[in-house]
Amino acid sequence: MGCLRWFLSRFYCSPQGWADRDRLTERRRLDIPIRSARKPPGMFVSLREEAEDALRGALSSLSLPTTDLGIEEPPEDVPAVLASSVAFRLAGERGTPPPQVASEIASEIDLAEYDYLDAISTQDPYLNFTPSEAYYADTLEAAGAADYGRLPAREESVAVEHTSANPTGPVHIGRARNPIVGDAIARTLDLAGYDVARHYYVNDAGRQIALFAWAYEAFEESDLPDPERDRADCDLVRYYRTGNSFLEDADDEARGEAEAEIEALMQGLEAGETEAYERVSRVVDEVLGGMQASLQRLPATFEEFVKETRFMRNGSTEAIVARLENSPYAEREEGAWQLDLAEWDIEKPFVFLRSDGTSLYTTRDLAHHEWKFANFDRAVTVLGEDQKLHASQLEAALEILGNDTGRLTSTFYSWVDLPEGGMSTREGTGVDLDDLLDEAIARAREEVEDRLGSRIRDDDLDDADLSRIARQVGIGAVRYDIVAKQPTKAITFEWDRALDFEAQSAPYVQYVHARACGILAEAGRLDGNKRDPFAALESMPGSEEDSRGAPPVDPETIDALDIPEERALLEVIARFPAVVETAAEDLTPHTIATYTREIAEAFNAFYRECPVLDAPEELKEGRLALVVLREKSRNGSGRFAPSNGEPRAVST
RNA sequence: GGGCGUGUGGCCUAGCGGAUAGGGCGAGAGGUUCCUAACCUCUCGAUCACGGGUUCAAAUCCCGUCACGCCCGCCA
């Protein structure tokens with residue numbers, strides 16, 4: 001990572017996270033300090049700060065500018081943890097070739113002042129920094145803490161809104177990215193010290209919902225096809241689909257009658273009538289219950305389900321409308337009220353009140369967001385890419401209403417499509433999340449059973465164990481497949497690719513956990529119920545379980561750990577808090593997924609080269625400590641792992 | 001048409017201004033009397049969509065082109 005970017009990221013919102021989006025936010029970026037100075041998160045950041053300080057000092061005494069220090073992580077084959085390419089930039093100024101500038105800088109640095117910097121070497125124009133024994137020893141000790149990787153509490157609350165799919169039918173995988181990404185973001189922010197609440201914003205007031213409630217009353221069970229599953233969402237979606245196709249195919253008169261009923265229901269909702277609310281709630285609550293059952297399997301859970309109607313019934317939507325009507329940007333167009341957002345580079349006027357006097361989704365969302373601002377310090381919303389225009393209109397309108405929209409960040413993800421095209425709840429096309437999870441578990445179970453025969457360890461696994469492991473492996477694979485990718489990239493769903501259990505996948509990471517647990521169990525460092533190393537897979541990505549019971553790590557044992565694989569593992573472990581911090585700032589949980597793979601690779605190399613249980617006594621403790629550490633890092637990263645993404649209902 | 005996003009070996013993906021572009025899948029060759037081989041090692045394979053530009057340095061920044069996706073409702 002370039003120094004400039006890093007530098008900026010420490011003080012401002014990163015370009016991909018809090019502050020990313022559109023010009024709207026960009027304007028304000030410089031005004032948003034992310035926080036005051038805090039203790040550096042982990043040894044790696046401390047080392048980086050020392051390197052910066054050393055460079056800055058050297059440049060300054062050479063009378064060179066210190067704007068961009070060019071700090072980066074060197075390629076793998078370079079035996080250093082940090083490097084700098086400043087010499088390139090200063091060569092012109094100095095009038096000497098870069099390698100010579102590098103040497104001059106290196107000789108200007110007094111290492112005695114630093115705890116973690118051990119040596120600076122030059123390799124052509126690069127300055128390479130290698131860490132001291134204290135760096136490894138302190139990492140060994142710090143990482144021994146039960147909550148290693150968790151950053152200190154920030155006393156800053158964040159509402160993470162995600163999924164928020166229209167409660168009209170079962171969750172399908174076109175939307176499955178939203179709960180997975182959303183939950184990963186929530187976990188990441190939680191790890192980074194924020195006080196996080198997960199919200200599902202329930203559309204129980206829109207036209208589609210009114211239509212749904214109407215259809216539920218208008219059609220008979222006998223008119224409907226059999227449900228796909230015995231569950232409320234699958235049951236009721238049949239009414240929704242039937243209602244939609246009825247309106248498409250009906251003659252004008254029949255359609256007119258139906259539309260009138262739907263319209264009357266919407267008016268009732270707008271007026272805050274209890275009867276209208278109850279008619280809608282009947283279908284909404286039931287469907288939501290079914291959807292929750294699917295989401296919990298991931299697991300994606302919520303602290304709160306926030307209903308749109310809440311902001312109609314409490315009068316806040318009405319109040320928003322009144323305030324907007326009085327704003328200088330408001331104008332009346334054919335009986336409807338709209339905002340002219342040209343000043344925000346949004347060409348489309350934003351209609352906030354229909355000519356019949358009813359509010360729109362976005363109008364209610366304004367009230368919703370003011371409620372968030374009143375109750376939380378920040379708000380993060382995970383949205384499908386189709387929501388971008390809506391999100392920028394929302395933000396502009398919030399600004400007109402006098403809110404500090406720097407507190408709101410929307411993050412977007414692209415669709416998951418099937419090879420044959422998109423998915424739609426309304427049309428009933430697509431693969432349900434439950435079907436995906438069932439298939440994933442079935443395939444995982446096959447894999448587990450296939451491998452039973454070749455197992456060396458003699459431990460009894462009963463059917464319940466197999467089911468548990470299959471569930472963990474299967475669901476972990478689905479979740480990892482989605483979190484590990486940048487959300488902006490479109491995904492075409494293919495069974496074999498999503499359910500690949502080897503290599504860069506959750507099971508790869510889970511397997512490392514199993515290996516570590518196997519060693520710890522053998523060494524008597526785990527509880528009896530963890531004797532079964534396969535059982536360890538269960539906790540894999542996302543459990544709260546940790547390696548309690550492991551002894552505290554003695555930093556003295558670092559002396560015995562001098563094999564490259566041991567050091568490399570420690571170096572990866574040292575970066576964990578920094579990875580969490582960056583992922584939280586940028587809202588990029590996929591970087592934690594990448595990190596877990598790196599730590600797994602480092603552990604596998606260590607595992608290959610360094611026998612633990614058969615090691616000489618003086619080595620054994622140290623190596624066991626490494627196993628424990630890796631376990632702890634895995635825990636923190638495990639919390640991140642699940643996440644998903646799923647768009648707000650559009651074409652449901 | 002306008003706006004936004006994406007484009008990295010046959011496929012998937014990391015990197016997003018600096019050291020010969022990392023991984024994985026796939027293909028080929030090996031490795032287990034030893035803490036689980038859901039692992040590891042090696043080989044094959046890339047004009048980083050294309051064309052310009054900025055820079056000592058571009059996959060990375062800028063402009064243009066092409067392809068794909070999304071949006072441009074008094075829908076959500």
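Among the heavy atoms of the strands, none lies under 4.0 Å from A:Q338. If you check every strand for non-hydrogen atoms under 4.0 Å, A:E601 touches sugar and phosphate atoms only. Within the nucleic acid shown, A:V351 comes within 4.0 Å of sugar-phosphate atoms alone, with no base atom in reach, counting heavy atoms only. Nucleic acid contact for A:A83: base, since at least one base atom lies under 4.0 Å from a heavy atom of the residue. Looking at heavy-atom distances under 4.0 Å, A:P98 makes no contact with the nucleic acid at all.
For A:R354, a side-chain nitrogen or oxygen approaches OP1 or OP2 of B:A76 to under 4.0 Å. One finds no side-chain N or O of A:Y595 lying less than 4.0 angstrom from the OP1 or OP2 phosphate oxygen of B:A14. Between A:R364 and B:A76 there is a side-chain polar atom (N or O) within less than 4.0 angstrom of OP1 or OP2. In this structure, A:H590 reaches the B:G15 phosphate: one of its side-chain N or O atoms is under 4.0 Å from OP1 or OP2. Within the 4.0 Å cut-off from OP1 or OP2 of B:A38, at least one side-chain nitrogen or oxygen of A:Y511 is found. Dashed line: the shortest gap from a side-chain N or O of A:Y508 to OP1 or OP2 of B:C40 is under 4.0 Å.
Taking the nucleotide of RNA chain B with the nearest heavy atom to each of A:T362 and A:F606, the more 5' of the two is matched to A:F606. When the nearest nucleotides of RNA chain B are assigned to A:A336 and A:R608 by heavy-atom distance, the more 5′-ward of the two goes with A:R608.
No donor-acceptor contact under 3.5 Å links the side chain of A:N604 to the base of B:A38. Judged by atom type and distance alone, A:R89 reaches the base of B:G18 through a side-chain donor-acceptor pair under 3.5 Å.
A side-chain N or O of A:N604 and one of A:Y508 form a donor-acceptor pair less than 3.5 Å apart. With no hydrogens or angles considered, a side-chain donor-acceptor pair links A:S359 and A:E270 at under 3.5 Å.
The ring-ring contact (aromatic ring centres under 6.0 Å, His included) test applied to A:F501 returns no partner, not counting sequence neighbours. Contacts of A:R443 classified as salt bridge (Lys or Arg N to Asp or Glu O under 4.0 Å), with partners at least two apart in sequence or in another chain: A:E439, A:D496. Remark: A:N128 pairs with A:V78, A:A80, A:A83, A:S121, A:Q123, A:Y126 by the side chain to side chain contact (heavy atoms under 4.5 Å, CB included) rule, at least two apart or across chains. Applying the ring-ring contact (aromatic ring centres under 6.0 Å, His included) test to A:F606 and every residue at least two apart in sequence or in another chain returns A:F603. The salt bridge (Lys or Arg N to Asp or Glu O under 4.0 Å) check on A:D481 picks up A:K485, with sequence neighbours excluded. The side chain to side chain contact (heavy atoms under 4.5 Å, CB included) search around A:A583 returns A:T188, A:T588, A:T591, A:I592, not counting sequence neighbours.
The P atoms of B:G26 and B:C11 are separated by 15 Å, rounded to the nearest whole Å. Nucleotides B:A14 and B:A59, compared at atom C1', are 12 Å apart to the nearest Å. For the C1' atom pair drawn from B:U6 and B:C12, the interatomic distance equals 15 Å after rounding to whole Å. Here, B:C4 and B:U36 have their C1' atoms 49 Å apart, quoted to the whole Å. The same atom, C1', is picked in B:G52 and in B:C66; the two are 15 Å apart, to the nearest Å. Distance noted for atom P between B:C44 and B:A21: 14 Å (whole Å). Taking atom C1' in both B:A46 and B:U13, one finds a spacing of 14 Å when rounded to whole Å. For the P atoms, the distance linking B:G9 with B:G45 amounts to 15 Å, nearest Å.
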Check your understanding: What one-letter contact string describes nucleotides 7-12 of chain B from 5' to 3', where B marks a base within less than 4.0 Å of any protein heavy atom, S marks contact via sugar-phosphate atoms alone, and - marks no contact?
Key -> S---SS
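Between A:Y240 and A:Q208, some side-chain heavy-atom pair lies under the 4.5 Å cut-off.
Residue A:I71 contributes atom CD1, which lies 15 Å from atom C1' of B:G17 at whole-angstrom precision. Remark: P of B:C74 and CE of A:M266 are 13 Å apart, rounded to the nearest angstrom. Across the protein-nucleic acid pair, A:Q387 atom CD and B:C75 atom P stand 15 Å apart, rounded to whole Å. The CZ-C1' distance, from A:F603 to B:U36, rounds to 12 Å in whole Å. Atom CG in A:D586 sits about 12 Å away from atom C1' in B:C16, given to the nearest Å. B:A19 atom P lies 11 Å from atom CG of A:D77, rounded to whole Å. Between A:L82 atom CG and B:G18 atom C1' the separation is 15 Å, expressed in whole Å. One can place CD of A:E494 at 17 Å from P of B:C25, the figure rounded to the nearest angstrom.
Under the Watson-Crick or G-U wobble criterion, with both distances below 3.5 Å, B:G64 is paired with B:C50. Nucleotide B:U36 forms a pair with no other nucleotide shown, judged by Watson-Crick or G-U wobble geometry with both contacts under 3.5 Å. Under the Watson-Crick or G-U wobble criterion, with both distances below 3.5 Å, B:C42 is paired with B:G28. As the counterpart of B:C4, B:G69 is assigned, both hydrogen-bonding distances of the Watson-Crick or G-U wobble pattern falling under 3.5 Å.
The nearest pair of heavy atoms linking A:A444 to A:A470 is CB-O, 3.4 Å.
Taking the ring centroids of A:Y329 and A:W344, they lie under the 6.0 Å cut-off.
For A:L613, counting side-chain heavy atoms from C-beta on, the closest listed nucleotide (B:C35, B:A38, B:G18) is B:C35. Listed nucleotides: B:C35, B:A38, B:U36. Nearest to the side chain of A:A514: B:U36. The side chain of A:N128 lies closest to B:A19, out of B:C72, B:A76, B:A19.
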Check nucleotides 65-69 of chain B against the protein and report each pair of N or O atoms closer than 3.5 Å, with its distance, or say if there are none.
{"from": "B:G69", "atom 1": "O2'", "to": "A:E385", "atom 2": "OE2", "distance (Å)": "3.3"}

Practice item. Walk me through it: do A:T381 and A:Q387 pass the test side-chain contact (heavy atoms from CB on, under 4.5 Å)? Key: CA-CA 11 Å; A:T381 318; A:Q387 304 288 313; over 6 Å; no
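Sorted by first and then second residue, the salt bridge (charged side-chain N to carboxylate O under 4.0 Å, His left out) pairs involving residues 596-612 of chain A (not counting sequence neighbours) are A:R575-A:E598, A:R597-A:E601.
Residue ring and nucleobase are stacked for A:F88 and B:G18, with a centre distance beneath 5.5 angstrom and an angle between planes beneath 30°. Here A:F412 does not pack flat against the base of B:G5, since the 5.5 angstrom centre distance and 30 degree tilt limits are not both met.
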